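Because the structure is a prediction, the values reported are computed rather than measured. In what follows, every heavy atom counts, from backbone to side chain, and hydrogens, waters and symmetry copies are set aside. Throughout, a chain's letter reflects where its sequence line sits, starting with A, and its residues are numbered from 1.
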There are 2 protein chains.
Amino acid sequence: MAVTIRDVAKAAGVSTAAVSKVLHGRGDSVRVSDTRANQIREIAEQMHYRPNALARNLRTQRTHTVGLIFENFGSFAAGPLYYMHLLEGVGSVLFKNHYRLTILPELLHDDILGSLGDGQLEGVVWCKLTRDAETLQLIHDCPIPIVALNAPAPAEPTDAVFVACDNASGIRLAVEHLAKLGHRKIAFAHEVQELTSPDCLERRDAFQASAKELMGQEPNPADVLAWDWHLPEFADWWKSDPGYTAIICWSERTAGTLINRATEAGLKLPEDLSIVGFDSTAYCETTTPRLTSVSQPISEMARYATNTLLNLIQGKRPENFSLTFPCGLDVRDSTTRPSGPRNSE
Amino acid sequence: MAVTIRDVAKAAGVSTAAVSKVLHGRGDSVRVSDTRANQIREIAEQMHYRPNALARNLRTQRTHTVGLIFENFGSFAAGPLYYMHLLEGVGSVLFKNHYRLTILPELLHDDILGSLGDGQLEGVVWCKLTRDAETLQLIHDCPIPIVALNAPAPAEPTDAVFVACDNASGIRLAVEHLAKLGHRKIAFAHEVQELTSPDCLERRDAFQASAKELMGQEPNPADVLAWDWHLPEFADWWKSDPGYTAIICWSERTAGTLINRATEAGLKLPEDLSIVGFDSTAYCETTTPRLTSVSQPISEMARYATNTLLNLIQGKRPENFSLTFPCGLDVRDSTTRPSGPRNSE
DNA sequence: CAAGCCTGATAAATCCGTTAATCGGATTTG
DNA sequence: CAAATCCGATTAACGGATTTATCAGGCTTG
């Protein structure tokens with residue numbers, strides 16, 4: 001049905017080699033005169049010849065396609081803008097380099113190796129938030145170049161490249177910011193179901209360490225709030241007068257929910273309570289008050305990861321097999337100096 | 001380097017046909033005894049044989065891959081959660097059916113036909129918001145099955161399927177809701193740069209028609225607010241006492257920005273001003289007050305579109321070549337009866 | 001003049017599975 | 001007993017491009 005290179009060759013009265021050379025070829029073993037070349041181009045155009053990529057892929061063993069694996073595609077849409085920045089970062093670099101992007105579903109581990117080893121993908125960006133031993137093994141066994149986003153490098157080196165952000169430094173910036181504003185007792189908040197996220201745990205630990213170092217706040221289980229964030233829980237907690245003047249949230253979304261609960265409970269923000277989020281996407285501009293947030297350079301990270309992957313595919317050894325991006329802090333309107341007796345001295 | 005089917009066949013002392021049949025084949029022209037079959041499976045396993053998908057794709061002329069074209073991938077991350085729901089909807093249906101999803105960049109029109117006609121994609125979901133003649137022509141010429149999301153069907157029928165939501169009915173619901181609450185003068189808001197979006201225009205027109213029909217509000221250019229939404233603009237407008245008690249926004253994002261400007265300008269929401277958004281994603285739960293919003297069943301639309309596409313690929317003729325989904329209205333906390341003299345009679 | 005080189009072009013191998021056609025021989029059926 | 005059937009398996013023809021090896025013929029060059 002479709003026009004093949006043979007059809008074009010026959011119509012032009014030349015060999016398929018000539019057609020191939022004229023339309024795409026780079027080698028110089030096949031030579032075609034300019035006259036013939038133009039004829040061939042014209043005939044191909046007339047016949048609406050579209051080279052069959054499947055044949056070409058097989059022959060050249062290249063597909064110009066890389067895969068992207070999300071850890072939790074199922075709950076993708078419920079997730080924050082974070083994922084969109086990630087996708088945008090990966091995609092834009094690929095497209096600029098004339099690569100295609102294939103989204104892979106979350107697969108059973110057995111299936112993954114089959115999927116990655118079937119020749120259809122030249123490389124893969126694995127956006128992996130959990131870091132169990134099995135996953136590391138899988139990354140190690142991966143038959144194609146792989147870059148792991150948001151996974152810290154394992155102890156033993158592999159051929160995989162690891163790109164992550166420095167959660168601890170980000171949290172430290174937030175604590176520092178609050179300490180400078182005069183806060184002396186701050187809490188860390190996450191929603192109950194986030195306990196399994198290693199990012200959440202890392203940020204929590206960093207919170208405790210930084211709070212101790214920068215404001216002498218001894219670690220105390222009560223400083224870590226893990227609710228499901230319905231209004232009663234918040235109202236009860238606040239009524240118990242726990243004495244906190246600021247809360248650092250593990251994520252943007254948690255911070256957004258907290259803002260709502262606090263507002264509903266009648267607090268005046270940020271005077272009664274300063275709130276800091278984590279991620280700093282466009283969402284932070286839409287809250288009231290606008291959310292001060294630790295910024296993770298996710299788009300940059302995604303771009304770096306993808307560029308590195310393209311280099312790996314071309315056989316270039318990367319300078320670093322592990323890169324950690326520092327976080328920043330975008331100060332907006334949800335943080336201020338604490339009010340009340342504690343500050344009136 | 002990689003293990004091929006011939007390597008396995010040689011190691012097992014059988015023909016490649018036997019190996020192929022045992023591992024994947026469905027035809028019954030090739031028959032293999034159970035004993036041999038098990039031997040072959042075992043040897044393939046031992047050798048870590050991974051069938052080369054490129055060869056198989058070429059032979060069978062199938063790839064089990066469909067493409068997804070976004071209109072504006074570049075500004076993707078700046079967009080609303082809408083896109084994530086769309087992606088999630090398309091992806092989940094594909095993955096359930098063991099298809100792969102390839103994201104395509106926005107291409108020049110000339111390149112698109114080449115991309116879609118090279119055999120790598122079995123079908124494509126085109127998420128197209130602009131609807132110029134050239135695009136319709138392109139959809140018409142598309143060499144593979146295509147479903148257009150968010151594009152109304154053209155007058156002359158094509159083989160493409162069109163899926164869209166009924167903007168007009170959604171806006172009508174919003175106006176009706178406000179009218180029932182007692183509002184008598186309402187406005188429509190969009191950000192200046194949205195003028196080019198046909199969705200935005202459709203919603204604006206529907207607003208004017210519904211406002212006239214349901215509350216006798218004659219169309220007036222002043223009812224359509226097109227700002228770039230800095231605080232001064234809003235404050236000035238409000239101070240001029242325009243008399244509006246409610247604003248319907250063309251999108252969720254616009255509504256979110258409006259909430260912030262209004263709050264910053266000292267308005268009490270929703271008492272001073274009722275606000276309605278459009279799309280109703282999880283974002284609406286995060287605003288203060290929580291945003292009443294027209295709901296577009298985007299995930300459902302995406303699923304329907306994708307299922308239809310898979311049917312098209314299998315040669316099944318769809319019942320409808322055009323389907324419009326009705327919108328709903330999710331009433332939350334950003335709308336209430338108007339206060340002030342207008343309601344005190 | 002023989003040897004070497006350049007131009008323009010082709011034939012054929014190759015990438016790696018899939019599958020229709022075929023085949024020997026044993027068994028069943030009329 | 002001849003013919004039909006079935007089992008287990010192989011051979012070889014694809015699919016559609018890329019690319020190496022090769023060739024004919026004309027032109028240089030020592």
Side-chain angles (χ1 to χ4, degrees), chain A residues 1-41 43-44 47-65 114 117-122 143, chain B residues 1-41 43-44 47-64 114-115 117-122 143:
Chain A
M1 348 208 171
V3 181
T4 74
I5 199 173
R6 265 175 267 269
D7 299 329
V8 176
K10 201 170 293 171
V14 298
S15 69
T16 62
V19 178
S20 177
K21 174 65 205 289
V22 167
L23 298 182
H24 311 284
R26 273 171 308 282
D28 51 5
S29 169
V30 175
R31 320 190 61 108
V32 184
S33 66
D34 287 354
T35 333
R36 270 232 187 295
N38 286 329
Q39 281 172 15
I40 290 172
R41 263 187 283 267
I43 288 178
M47 300 177 76
H48 295 106
Y49 168 60
R50 305 268 170 223
N52 183 309
L54 304 181
R56 177 154 29 184
N57 288 349
L58 173 60
R59 182 63 242 249
T60 61
Q61 297 288 359
R62 300 212 54 180
T63 59
H64 290 275
T65 303
D118 69 2
Q120 286 192 93
L121 300 176
E122 296 191 9
Chain B
M1 349 207 167
V3 181
T4 73
I5 198 173
R6 267 174 259 269
D7 299 330
V8 176
K10 201 171 292 172
V14 298
S15 70
T16 63
V19 178
S20 177
K21 175 64 204 291
V22 167
L23 298 181
H24 311 284
R26 274 171 307 284
D28 50 5
S29 170
V30 174
R31 320 190 62 108
V32 185
S33 67
D34 286 354
T35 334
R36 270 233 188 295
N38 286 329
Q39 280 173 17
I40 290 173
R41 263 187 283 267
I43 288 177
M47 298 176 78
H48 294 105
Y49 169 61
R50 304 268 171 223
N52 183 309
L54 305 181
R56 175 153 31 185
N57 289 349
L58 173 61
R59 185 65 245 249
T60 60
Q61 295 289 0
R62 299 212 55 181
T63 60
H64 290 274
S115 255
D118 69 2
Q120 287 193 92
L121 301 176
E122 296 191 9

Working to the nearest 0.5 Å, report the span between OH of Y49(A) and CD1 of I5(A). 4.0 Å
Q120(A) CD to dG17(C) C1': how many Å, rounded? 13 Å
Which letters describe nucleotides 22-27 of chain D, given B = protein heavy atom under 4.0 Å from base, S = only from sugar-phosphate, - = neither? ------
Candidate nucleotides dG16(D), dG17(C), dT18(D), ranked by approach to the side chain of P51(B) - the nearest: dG17(C)
For a quick check under 3.5 Å, do Q120(A) and N57(A) share a side-chain donor-acceptor pair by atom type? no
When the distance from CD1 of I5(A) to C1' of dG15(D) is rounded to whole Å, what number comes out? 14 Å
Give me the atom names and distance for the closest heavy-atom approach of Q61(B) to N52(A). OE1-ND2, 3.8 Å
Counting any heavy atom closer than 4.0 Å, what does T4(A) reach on the DNA or RNA strands: base, sugar-phosphate only, or nothing? sugar-phosphate
Can a donor-acceptor pair be found, under 3.5 Å and without considering hydrogens, that links the side chain of T35(B) to the backbone of S33(B)? no
Would you check if M47(A) and V8(A) make a side-chain contact, meaning some heavy-atom pair closer than 4.5 Å? yes
For atom NZ of K10(A) and atom C1' of dG16(D), their distance in whole Å: 13 Å
Looking at H24(B), I want to see if its NE2 is surrounded by more than 12 non-hydrogen atoms of other residues, nucleotides or ligands under 6.0 Å. yes
Rounded to whole angstroms, how far apart are CE on M47(B) and P on dC16(C)? 13 Å
What residues in residues 18-25 of chain B put a non-hydrogen atom under 4.0 Å from any atom of DNA chain D? A18(B)
Please report, rounded to the nearest Å, how far the C1' atom of dT14(C) is from the CG atom of N57(A). 15 Å
Taking atom C1' of dG8(C) as reference, at what distance in whole Å does atom CD1 of I40(A) sit? 11 Å
Does Q61(A) have a side-chain nitrogen or oxygen under 4.0 Å from the phosphate oxygens OP1 or OP2 of dC16(C)? yes
Any Y49(A) side-chain nitrogen or oxygen under 4.0 Å from OP1 or OP2 of dA17(D): yes
Please list all pairs passing the salt bridge (charged side-chain N to carboxylate O under 4.0 Å, His left out) test where one or both residues lie in residues 55-64 of chain A, with sequence neighbours left out. R62(A)-E122(A)
In whole angstroms, the gap separating C1' of dT14(C) from CZ of R62(A) amounts to 18 Å
From dT19(D), dT18(C), dA11(C), nucleotide with atom closest to R59(A) side chain: dT19(D)
What's the spacing between L54(A) CG and L54(B) CG if we round to 0.5 Å? 8.5 Å
Pull out every residue in residues 30-38 of chain A that has a heavy atom closer than 4.0 Å to any atom of DNA chain D, ordered by number, or say none. V30(A)
Applying side chain to side chain contact (heavy atoms under 4.5 Å, CB included), can you list everything that pairs with S29(A), at least two apart in sequence or on another chain? none
Interatomic distance, D34(B) atom CG to N38(B) atom CG [nearest 0.5 angstrom]: 6.5 Å
Could you list the donor-acceptor pairs under 3.5 angstrom formed by side chains in residues 13-20 of chain A, with sequence neighbours left out?
residue: S15(A); atom: OG; partner: A17(A); partner atom: N; Å: 3.4
residue: S15(A); atom: OG; partner: A18(A); partner atom: N; Å: 3.3

Whole Å only: how far is the CG atom of D118(B) from the P atom of dA17(D)? 11 Å
So OG1 of T4(A) and CG of D7(A): to nearest 0.5 Å the spacing works out to 3.5 Å
From the options dT18(D), dT10(C), dC16(C), select the nucleotide whose nearest atom is closest to the side chain of S15(A). dT10(C)
